[in-house]
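Written out below as structure tokens is the structure these notes cover.
In each ligand, atom 1 is the first atom listed, and ligand 1 is the first ligand listed.
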Amino acid sequence: MEEKLSFEYAPTPESRALVTIKPKYGHFIGGKFVAGSKHFPTINPATEEVLSQISLAGKADVDAAVKAARKAYTTTWSKMSGKERGKYLFRIARIMQERSREFAVLETLDNGKPIRESRDVDVPLAAAHFFYHAGWADKLEYAGLGTTPKAHGVAGQIIPWNFPLLMLAWKVAPALAAGNTVVLKPAETTSLTALLFAEVCQQAELPAGVVNIVTGDGSTGALIVNHPGIDKIAFTGSTEVGKIIARAVAPTNKSVTLELGGKAANIIFDDAAIDESVEGIVNGIFFNQGHVCCAGSRLILQESIADEVLEKLKNRMAKIRVGDPMDKNTDLGAINSKEQLLKIRELSAVGDSEGAQRWSAHCDLPDKGFWFAPTIFTGVTQAHRIAREEIFGPVLSVLTFRTPQEAIDKANNTPFGLSAGIWSEKGSKVLWASQQLRAGVIWANTFNKFDPTSPFGGYKESGWGREGGRHGLSAYLKGVSHE
Ligand code: ADP
């Protein structure tokens with residue numbers, strides 16, 4: 001029997017009055033906001049309300065941004081000491097903290113993620129990335145990355161829509177700390193916090209052209225990737241686009257890092273603490289609507305505890321609060337776009353047709369906006385598409401195992417290798433399993449924990465290179481690579 005909560009929560013909406021959204025935006029080039037020519041709407045995925053009109057950068061805009069970045073690199077940024085660069089990074093970090101509520105509200109409106117997550121995860125972590133890298137700016141010589149570390153020059157950075165501000169911070173902070181200037185493109189559905197970040201750059205009096213932000217879609221991204229004035233490409237997004245980028249830069253001198261898809265195994269051994277594991281499963285797949293490249297989207301469950309875990313998981317899922325992302329009690333917000341919702345529906349329908357059993361928590365979904373109830377599929381085999389392909393939504397595929405080796409074999413049977421989770425009370429088993437798993441990030445008895453000091457990145461089709469920590473810093477310096 002599913003338990004029902006015996007009381008209702010009163011709505012606790014965050015105030016929208018904290019942000020001012022302009023009706024139309026241009027690009028941020030050479031320290032100034034410049035008008036764009038073509039525009040497209042950006043909407044609130046929870047209500048389908050048009051929030052603003054975003055510019056679609058074409059060749060002339062990208063050329064201007066690259067030119068501004070080059071000029072800033074040669075005349076200012078490359079001549080400045082690391083200590084001075086660090087001061088700007090600290091300043092940016094502090095302003096982001098001061099304006100954190102504004103950033104959180106804007107992120108939630110534009111992305112659909114719960115305010116609780118943008119407020120407690122995205123924005124604090126973004127500021128933490130700037131603080132962390134500010135500390136490296138004057139210590140590059142002591143980072144063990146060579147005695148005369150040199151920046152690449154101009155970095156072209158393309159980011160996705162799942163953690164818009166946080167992915168910007170992952171890209172911009174190490175680039176600037178290492179002495180590069182940047183041209184960054186946010187994803188087409190979530191440009192607003194990047195444009196607010198441009199204001200922060202102005203407020204911090206960052207020299208003009210050190211950070212340039214152009215908005216647009218894949219065509220703008222391609223212009224950045226193929227621009228001859230760019231020395232390094234950093235991309236986070238789909239494996240499909242990552243492959244296009246890898247092909248485009250292969251015949252050039254451009255250095256590249258790619259942070260792509262995942263299909264992480266979250267392995268629960270029979271000696272794990274069950275209640276904690278259930279929380280870890282929920283956090284692993286339902287955090288950020290499952291729009292997480294390292295999401296624990298394959299639950300690999302020891303057969304002897306499978307029934308107990310699944311019963312507790314369903315009970316727990318029935319209590320997930322789905323709805324208004326601006327409500328501070330909401331756990332699961334809106335799917336970022338109609339297009340993404342259709343992809344989630346399509347792959348889930350494939351799960352049904354391939355014979356897996358679907359179970360969704362009952363919840364009343366709002367009439368407007370893009371929504372998908374938290375869902376699990378049991379009876380999934382390794383051949384099922386829902387066990388192999390990234391769904392990038394709140395959908396969990398459950399597989400079972402009998403022996404530890406079988407768990408490892410199933411976990412590694414994927415073209416990806418971004419992350420994995422291990423749940424066991426036995427330390428030796430955790431260490432053994434973590435050595436067998438082919439994944440860049442492995443969590444033990446926890447999931448989806450992030451820290452700027454810790455390198456993040458994957459094996460196989462999950463990408464090239466690392467972001468965060470000393471490893472991530474090295475990607476922004478010439479001639480040092482942790483590949
Ligand atoms: P998703 O499928 O999660 O939306 P994408 O890989 O399509 O991820 O998008 C991630 C980022 O890459 C976005 O900023 C998008 O505009 C950009 N992008 C899409 N296609 C290309 C391309 N061919 N070249 C460069 N950037 C691209």
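By the 4.0 Å N-to-carboxylate-O rule, E14 lies close enough to R101 to be salt-bridged with it.
Considering only non-hydrogen protein atoms, atom 26 (N) of ligand 1 sits nearest to G221 CA, 3.5 Å. Ranking protein heavy atoms by distance to atom 18 (N) of ligand 1, first place goes to G218 CA, 3.6 Å. Looking only at heavy atoms of the protein, atom 16 (O) of ligand 1 is closest to E188 OE1, 2.7 Å. Atom 13 (C) of ligand 1 has I159 O, 3.5 Å as its closest protein atom, hydrogens excluded (heavy atom only). Scanning all protein heavy atoms for the shortest distance to atom 17 (C) of ligand 1 gives I158 CG2, 3.6 Å. Scanning the protein for heavy atoms near atom 21 (C) of ligand 1, the closest one is V241 CG1, 3.4 Å. Counting only heavy atoms of the protein, atom 1 (P) of ligand 1 lies nearest to W161 NE1, 3.8 Å. What sits closest to atom 6 (O) of ligand 1 on the protein, heavy atoms only, is S238 OG, 2.7 Å.
The list of side-chain hydrogen bond (donor to acceptor under 3.5 Å, both in side chains) pairs with a residue in residues 378-398, not counting sequence neighbours, reads Q382-N413, R385-E389.
The six-membered or imidazole ring of W170 lies away from that of F163, with a centre-to-centre distance of 6.0 Å or more.
Residue contacts with ligand 1 include F235, since one of its heavy atoms falls under 4.0 Å from the ligand.
For the 3.5 Å distance criterion, the side chains of D110 and T42 qualify, holding a donor opposite an acceptor. Side-chain polar atoms of N212 and H27 form no donor-acceptor pair below 3.5 angstrom.
Selection from G156, S191, A222 by nearest heavy atom to atom 24 (N) of ligand 1 gives A222.
Heavy atoms of D217 found under 4.0 angstrom from ligand 1 belong exclusively to the backbone.
Ring geometry for F456 versus F450: interplanar angle of 30 to 60°, hence tilted. Note: F447 and W443 have tilted aromatic rings, judged against thresholds of 30 and 60 degrees for the angle between ring planes.
Using a 4.0 Å cut-off to heavy atoms of A187, the atoms of ligand 1 that qualify are 14 (O).
Considering backbone and side-chain atoms together, K185 places an N or O closer than 3.5 Å to an N or O of ligand 1.
Between D231 and the options K150, R70, K254, a salt bridge (Lys or Arg N to Asp or Glu O under 4.0 Å) holds for only R70.
In this structure, N266 contributes its side chain and L299 its backbone to no donor-acceptor pair below 3.5 Å.
For atom 4 (O) of ligand 1, a protein non-hydrogen atom is found at a distance below 4.0 Å.
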